[in-house]
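Have a look at the structure below before the remarks.
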Amino acid sequence: MYRLVSEGVLPHTPSMYRHLSSHLAQARREGRFPDLIDTLREVHVPPAWPDAAAFLREAVDWFALDRTEGQRPVYVAAEKDTLRQMFTTWLAEYGIPVLVVRGFASQSYADVVRRRTARHGRATLLWCGDFDASGAEIERDWVRRTESCWSEVRRVLLTREQTIEYELLSAQGKHGDPRWPAFAARYGFDPQHPVQWEVEALEPDELQRLVLAAVTPYIDRHVLARQIAREEEQRRALAAFVRGWGAAGGS
């Protein structure tokens with residue numbers, strides 16, 4: 001939807017969202033459209049295994065060391081949950097934590113982040129969010145409430161310069177947004193016509209390239225390679241233990 005709106009194929013209106021959602025739901029019911037990622041709804045089932053051996057075999061694959069050990073601490077913040085799946089997949093190799101702020105975040109979440117950085121030290125925050133009046137305020141609010149956590153804050157996505165460089169088409173902004181007049185004055189937009197740019201308007205490959213380019217300066221490849229080698233060595237030892245446990249009659 002974001003891509004279609006940004007390219008001017010569909011209007012950015014509540015009625016169009018409802019219309020498109022209805023058609024996609026019908027197409028999914030008929031098997032004509034792939035499943036969408038739904039991070040909020042799932043079947044909650046207590047974890048269980050057929051036996052202890054099956055549990056131990058799975059545990060080998062779960063094992064991992066902290067790949068940020070010995071690295072400069074850095075977090076990537078996603079303004080909204082739609083970015084989480086992509087960011088966590090792209091950054092898993094490096095072990096870099098992803099914060100999903102989801103709009104104006106709760107004080108409880110801010111406290112969780114403060115406690116974590118208190119244990120690990122002040123970090124760099126790389127912010128990724130939409131370029132619009134609300135997105136700018138969400139970033140300011142989050143940084144203000146977690147100020148003690150960060151030694152540096154950088155906006156990676158989206159910036160005004162990126163909307164120009166990539167010739168991203170704007171979508172209609174939220175009429176009545178009290179933050180729009182100041183945002184419009186800052187960037188020279190028409191105060192009577194609110195506009196916005198969504199992160200998802202970027203091509204996925206380019207979005208990935210920009211995120212990875214932003215974290216690269218904070219990754220020591222030699223330190224990371226040594227940690228991965230330790231992880232693989234310990235995983236092999238764990239697998240050997242499981243095989244020996246099974247051979248000894250464990251089940």
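The figures here come from the full heavy-atom set of this structure, side chains too, leaving out hydrogens, waters and symmetry mates. Quick caveat, the model's predicted, so the values are computed rather than measured.
F131 and F183 have their aromatic ring centers within a separation under 6.0 angstrom. A ring-centre distance under 6.0 Å is not found for Y75 and W142.
Surrounding CD of Q107 are more than 12 heavy atoms belonging to other residues, nucleotides or ligands, all under 6.0 Å away. Annotation for H193: atom NE2 does not count as buried by contact number, only 12 or fewer foreign heavy atoms lying within 6.0 Å.
Panel note: side chain W197, backbone L168; a donor-acceptor pair is recorded below 3.5 Å. The main-chain N or O of T124 is never found under 3.5 Å from a side-chain atom of R72 such that the two would form a donor-acceptor pair. Proximity of a side-chain donor or acceptor of Q196 to a complementary backbone N or O of D132 within less than 3.5 Å is not detected. Looking only at distances, no side-chain donor or acceptor of R67 sits under 3.5 Å from a matching main-chain atom of L224. Remark: side-chain polar atoms of Q227 are paired, donor with acceptor, to backbone N or O of D66 under 3.5 angstrom. Using modelled atom types, one side-chain atom of R155 and one backbone atom of L158 make a donor-acceptor pair closer than 3.5 Å. A donor-acceptor pair is defined here as one N or O able to donate and one able to accept, closer than 3.5 Å; such a pair exists between the side chain of Y109 and the backbone of V100. The backbone N or O of C149 sits nowhere less than 3.5 Å from a side-chain atom of R122 that would complete a donor-acceptor pair.
Between F104 and R145, the shortest heavy-atom distance links the atoms C-NH2, 4.3 Å. What you find for W180 and P191 is that their closest heavy atoms are NE1-O, 3.0 Å.
Of the listed residues (E200, E198, R102), just one forms a side-chain hydrogen bond (donor to acceptor under 3.5 Å, both in side chains) with T82, and that residue is E200.
A single hydrophobic cluster is not seen to contain both L91 and L99; linkage of ILVMFWY side chains at heavy-atom distances under 4.5 Å, directly or through other members, places them apart. In the hydrophobic cluster analysis, where Ile, Leu, Val, Met, Phe, Trp and Tyr join through side-chain heavy atoms closer than 4.5 angstrom, V74 is grouped together with I219. By the criterion of side-chain heavy atoms lying less than 4.5 angstrom apart, applied directly or through intervening Ile, Leu, Val, Met, Phe, Trp or Tyr residues, V215 is grouped together with I228 in one hydrophobic cluster.
A salt bridge does not link E232 with R235: every distance from a Lys NZ or Arg NE/NH1/NH2 to an Asp or Glu carboxylate oxygen is 4.0 Å or more. One finds a salt bridge joining D130 and K80 here, because a Lys/Arg side-chain nitrogen approaches an Asp/Glu carboxylate oxygen to under 4.0 Å. Looking at R209 and E203, no side-chain N of the basic residue comes within less than 4.0 Å of a carboxylate O on the acidic one, giving no salt bridge.
For the atom pair CG of L207 and CG of L212, the computed distance is 9.5 Å after rounding to the nearest 0.5 Å. To the nearest 0.5 Å, the span separating CZ on R243 from CG on L238 amounts to 10.0 Å. Rounding to the nearest 0.5 angstrom, the gap separating the CD atom in E69 from the CZ atom in R226 is 10.5 Å.
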Handout entry: Worked verdict on Q85 versus V98 for side chain to side chain contact (heavy atoms under 4.5 Å, CB included)
Key = CA-CA 10 Å; Q85 188 69 37; V98 174; over 6 Å; no
Exercise for the section: With side chain to side chain contact (heavy atoms under 4.5 Å, CB included) as the test, would you mind laying out the steps for S170 and T163 before giving the verdict? Expected result: CA-CA 8 Å; S170 64; T163 66; over 6 Å; no
Practice task
Step by step, work out the side chain to side chain contact (heavy atoms under 4.5 Å, CB included) result for C128 and V76.
Solution key: CA-CA 7 Å; C128 301; V76 173; 4.2 Å; yes
Handout entry: Evaluation steps, side chain to side chain contact (heavy atoms under 4.5 Å, CB included), between D220 and Q71
Key = CA-CA 6 Å; D220 186 319; Q71 305 281 2; 3.4 Å; yes
